[in-house]
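Heads up: the structure comes next, in structure tokens.
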Amino acid sequence: MDELHEQRQQRIKKLEYLRRAGVQPYGGRFEVKDRVSHLVQLHGQKSKEHLEQERISCTIAGRIVALRRFGKACFAVLQDGADRLQTYLKKDLLTEQASLIMDQLDLGDWIGVSGILFRTKTNELTIEVHRLTFLSKALRPLPEKWHGLTDVETRYRQRYVDLIANPHIHQIFVTRSRVIAAIRSFLVERGFLEVETPMMHPIPGGATAKPFVTHHNALNIDLYLRIAPELYLKRLIVGGFRRVFEINRNFRNEGISTIHNPEFTMLEFYVAYADYQDLIALTEEMLSSIAQAILGTSIINYQGTTIDLTPPWRRWSYRQALCEVNGLDPSILQNRAEVLAAAQRLKVPVDPQAPLFKIVNDLFEETVEPNLQQPTFITDYPIEISPLARRKDADPSLTERFELYIAGREIANAFSELNDPLDQRERFEQQAAQRNAGDEDAHRIDEDFLRALEFGMPPTAGEGIGIDRLIMLFTNQPSIRDVVLFPQLRPEKQS
RNA sequence: GAGCCGGUAGCUCAGUCGGUAGAGCAUCGCCCUUUUAAGGCGAGGGCCCUGGGUUCGAGUCCCAGCCGGCUCACCA
């Protein structure tokens with residue numbers, strides 16, 4: 001007989017036995033009086049004698065993740081969230097029915113216990129159980145106790161098993177939730193209004209990306225899952241909201257990698273009357289204070305690199321960074337032949353036919369980005385690669401824009417917004433021309449957005465932060481799949 | 001989309017030169033009232049990812065495919 005089938009049959013037999021004995025194998029409400037984490041925090045340091053004297057009563061519930069039987073007694077380790085506590089079940093101390101339950105317990109079952117805290121001979125904090133309540137029967141066996149579940153495919157497909165077998169995974173998602181909650185309160189405290197804008201767009205906009213298409217039957221129209229909330233949030237600034245933010249999913253129909261999931265969580269926020277310099281200060285304060293609040297430090301380790309989030313962070317202009325890293329004279333950036341020569345000398349493969357700004361940007365990405373391990377604001381991007389950003393008054397070839405890099409990765413992208421409706425229309429039309437020429441990622445003209453801008457948008461600064469990548473950094477995870485509960489995979493073959 | 005690596009019991013993994021499918025944990029039976037990878041004795045459990053091919057004989061060699069990981073490309 002198939003082994004899984006056999007273990008499952010065994011457990012169904014035990015379930016039926018419990019039922020015949022009057023024990024509900026899938027019970028109802030149970031009054032949990034204590035959390036394991038709290039008990040350990042309160043009493044984890046107390047000595048054997050101290051505990052004997054205090055006789056602390058407690059009631060916990062959890063899943064059995066280890067079971068060591070000794071004839072008429074057993075040790076069962078219960079897992080409550082990411083925390084574990086040993087319980088000691090002794091038939092002497094239990095009712096007849098509880099003894100019967102004890103004999104039927106399997107790894108994975110849920111039970112509730114009441115008893116007294118004590119320390120065993122080996123000094124382990126343990127509950128001596130006086131009351132045992134069966135809560136829920138597991139029909140499938142848990143992964144092996146020592147190595148746990150390591151097969152990454154199973155970990156992602158059956159995250160529930162991953163969370164059971166690898167409690168530290170639990171902690172990653174707790175941290176994720178806390179970071180997002182902290183971002184929310186940081187922004188709300190500063191007068192931002194949290195809003196929700198459409199996820200289904202008639203015209204996908206606000207980013208350069210391929211959208212997912214879906215269809216609305218009653219309206220008989222195609223809709224696109226949003227690639228960015230940007231254009232809707234700016235409509236709200238036009239409408240008079242001074243500070244808005246949204247934390248929600250974006251969808252991009254592109255490749256999957258350790259830093260790309262088709263749906264990913266994005267924070268975007270917009271501040272009327274502000275410019276990108278204000279956002280530099282805000283970003284520094286937000287990320288360093290959240291690290292301090294959630295991790296208890298602003299110095300973090302990411303994959304072996306120590307990263308110091310203590311402000312202020314380095315400000316480095318795009319051109320200056322490029323020239324300093326590679327020992328180039330800034331004057332050559334305008335000269336195609338010299339840039340190509342530099343690329344060759346630096347062994348960066350570039351397309352000699354490409355526009356100059358593209359070649360310069362390839363050089364930047366190849367040579368500068370990997371060096372940006374410590375938090376760095378790269379500022380003043382060229383106009384050609386910043387179609388939505390406001391020009392700098394002092395140099396119209398540059399924009400009021402920054403990207404924040406940490407650990408060699410782009411974490412945030414922000415700029416003073418373009419609020420000139422006529423300029424925006426021109427840029428849309430240029431994009432549309434590129435689209436007609438075959439660039440399917442180029443922006444489409446959003447007439448309603450242009451209409452909104454024509455009603456007048458105040459000077460505004462806006463920023464986007466990729467939340468998943470931020471969480472990777474804060475939890476020291478190498479892959480985005482490790483910070484998304486259910487990452488996208490090919491569907492499992494049904495057997 | 002391309003390259004490299006992997007897929008064997010519920011889990012973690014061995015499997016030599018092509019010659020009867022293995023271990024530990026888990027499961028089942030017996031013993032055991034302070035163990036913690038508990039222990040002792042015994043037992044059961046396999047679509048070796050799928051489909052072809054070579055061969056007297058394939059987990060092993062060859063081809064195609066499926067699924068996953070990593071790297072690269074696009075992107076955040």
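Protein chains get the first letters and strands the later ones, always in sequence-line order, with residue 1 at the start of each. Just the heavy atoms: all of them, side chains too, but no hydrogens, waters or symmetry mates, feed the values below.
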Scan [X] against the nucleic acid and name what it touches under 4.0 Å (heavy atoms): base, sugar-phosphate only, or nothing.
X	result
A/Ile465	nothing
A/Gly148	sugar-phosphate
A/Glu410	sugar-phosphate
A/Thr258	sugar-phosphate
A/Phe251	nothing
A/Gln10	sugar-phosphate

Indicate whether OP1 or OP2 belonging to [N] is found under 4.0 Å from a side-chain N or O atom of [X].
X	N	result
A/Arg490	B/G68	yes
A/Arg11	B/G10	no
A/Ser257	B/A73	no
A/Lys14	B/C28	yes

Flag yes if more than 12 heavy atoms outside [X] fall under 6.0 Å of its [atom1] atom; otherwise flag no.
X	atom1	answer
A/Lys13	NZ	no
A/Tyr17	OH	no
A/Arg178	CZ	no

Interatomic distance where [atom1] belongs to [X] and [atom2] belongs to [N] [whole Å]:
X	N	atom1	atom2	value
A/Arg155	B/C67	CZ	C1'	17 Å
A/Asp162	B/G69	CG	P	13 Å
A/Gln303	B/C70	CD	C1'	14 Å
A/Ile256	B/A73	CD1	P	18 Å
A/Asn253	B/G1	CG	P	12 Å
A/Lys13	B/U27	NZ	P	14 Å
A/Ile64	B/U27	CD1	P	11 Å
A/Gln9	B/U27	CD	P	16 Å

Would you measure the distance from the [atom1] atom in [N] across to the matching atom in [M] and give it in whole Å?
N	M	atom1	result
B/A23	B/C61	C1'	26 Å
B/G45	B/A21	P	14 Å
B/G7	B/C62	P	14 Å
B/G3	B/U8	C1'	26 Å
B/G29	B/C66	C1'	41 Å
B/G18	B/C63	P	16 Å
B/C47	B/U35	P	40 Å
B/U50	B/A58	C1'	16 Å

Consider the side chain of [X], meaning its heavy atoms from C-beta on, and name the nucleotide among [options] that approaches it most closely.
X	options	value
A/Glu6	B/G10, B/U27, B/U12	B/U27
A/Leu149	B/U35, B/A73, B/C11	B/C11
A/Gln7	B/C74, B/C67, B/G10	B/G10
A/Pro141	B/G10, B/C67, B/U35	B/G10
A/Val152	B/G69, B/C74, B/C28	B/G69
A/Phe118	B/U35, B/U34, B/A26	B/U34

On the side chain of A/Glu144, is there an atom forming a donor-acceptor pair with the base of B/A26 - under 3.5 Å, no angle test? no
- request: Give a yes or no on whether a donor-acceptor pair under 3.5 Å exists between the nucleobase atoms of B/U35, that is its base, and the side chain of A/Thr120.
  value: yes
* **From CA spacing to verdict: side-chain hydrogen bond (donor to acceptor under 3.5 Å, both in side chains), A/Asp380, A/Tyr276** => CA-CA 10 Å; A/Asp380 302 345; A/Tyr276 76 127; 2.9 Å; yes
Ranking A/Lys48 and A/Asp468 by the position along RNA chain B of their nearest nucleotide, the one closer to 5' is A/Lys48
Comparing A/Asn123 with A/Pro143, nearest RNA chain B nucleotide closer to 5' gives the residue A/Pro143
Salt bridge (charged side-chain N to carboxylate O under 4.0 Å, His left out) filter on A/Arg427, not counting sequence neighbours, yields A/Asp423
Contacts satisfying side chain to side chain donor-acceptor pair (under 3.5 Å) that involve residues 75-84 of chain A (not counting sequence neighbours) are A/Arg35-A/Asp80, A/Gln79-A/Arg84
Who does [N] pair with, Watson-Crick or G-U, both distances under 3.5 Å?
N	value
B/G59	none
B/C41	B/G29
B/A21	none
B/U34	none
B/G6	B/C67
B/G46	none

Salt-bridge test for A/Arg157 and A/Asp151: reply yes if a basic N is under 4.0 Å from a carboxylate O, no otherwise. no
Per side-chain contact (heavy atoms from CB on, under 4.5 Å), A/Pro229 is matched among A/Glu196, A/Glu268, A/Arg249 by A/Glu268
Partner of A/Leu78 under side-chain contact (heavy atoms from CB on, under 4.5 Å), picked from A/Val36, A/Ile127, A/Ile64, A/Leu85, is A/Ile64
So, with a heavy-atom separation below 4.0 Å from RNA chain B, the residues of residues 66-100 of chain A are A/Arg68, A/Arg69, A/Phe70, A/Gly71, A/Lys72, A/Ala73, A/Phe75, A/Gln86, A/Tyr88, A/Lys90, A/Asp92
Quick check with a 6.0 Å cut-off and a 45 degree axis cone: is A/Arg444 positioned over the face of A/Tyr224's six-membered ring?
yes
| task | Using the ring of A/Phe486 (Phe, Tyr or Trp, six-membered ring only), decide whether A/Arg159 places NZ or CZ under 6.0 Å from its centre and within 45 degrees of its axis. | result | no
